[in-house]
Amino acid sequence: MIVHRLTPCLLQGLLTLCGMHDLEGKPILLCSSNDSSVHLFDLPSFSEKGKIFAKQEIRAIQTGPGGLFFTGDGTGQVRVWNSVAVPTATT
Ligand SMILES: *[C@@H]1O[C@H](CO)[C@@H](O)[C@H](O)[C@H]1NC(C)=O
């Protein structure tokens, strides 16, 4: 097995990571940071695809079927996200 070393993502206070495929079958990486956001990265390019925000830091990310993923934040709120609805970063 060959492990490629990719550009590291440098975020503040990383809490958890989760890799998944979006509904188009493309691999993406979800990284939650302690600024209450989750950054979405395209793989293997590592370009940032988008960002989602919660009320408090997202401590857990879990993938579900059909491009869904779930996040749990510090308020105890569990949210369901659809990777299709991920906004494309325009900056
Ligand atoms: C996030 O973590 C960094 C590094 O540990 C820390 O410096 C920063 O104060 C934290 N931010 C919040 C909002 O907790």
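Each ligand, and each atom within it, is numbered from 1 in the order the structure gives. Just so it is clear, the structure is predicted and the values come from calculations on it, not from any experiment.
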Given the rule that I, L, V, M, F, W and Y join up when any side-chain heavy atoms are under 4.5 Å apart, are L14 and F41 in one cluster?
->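 As far as the 4.5 Å side-chain criterion goes, F41 and L14 are connected within one cluster.
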Least distance between heavy atoms, S36 atom then Q56 atom |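 Shortest heavy-atom separation between S36 and Q56 comes out as OG-C, 3.3 Å.
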For residues 62-77, which side-chain donor-acceptor pairs fall under 3.5 Å, sequence neighbours excluded?
{"unit_1": "T71", "atom_1": "OG1", "unit_2": "W81", "atom_2": "NE1", "d": "2.9"}
{"unit_1": "D73", "atom_1": "OD1", "unit_2": "T75", "atom_2": "N", "d": "2.8"}
{"unit_1": "D73", "atom_1": "OD1", "unit_2": "T75", "atom_2": "OG1", "d": "2.5"}
{"unit_1": "D73", "atom_1": "OD1", "unit_2": "G76", "atom_2": "N", "d": "3.4"}
{"unit_1": "D73", "atom_1": "OD1", "unit_2": "Q77", "atom_2": "N", "d": "3.3"}
{"unit_1": "T75", "atom_1": "OG1", "unit_2": "Q77", "atom_2": "N", "d": "3.3"}

Heavy-atom distance under 4.5 Å between the side chains of M20 and L30, does that happen here?
->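 Yes, at least one pair of side-chain atoms sits under 4.5 Å.
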Quick one: are E57 and L15 in side-chain contact, heavy atoms under 4.5 Å?
->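 Yes - at least one pair of side-chain heavy atoms lies under 4.5 Å apart.
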Pairwise distance CG(L29) to CG(D42) - rounded to 0.5 angstrom |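 The CG atom of D42 is 10.5 Å from CG of L29, to the nearest 0.5 Å.
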Quick one, list the residues around ligand 1 where some non-hydrogen atom comes in under 4.0 Å, by chain and residue number.
->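 Protein residues near ligand 1 are Q12, G13, N34.
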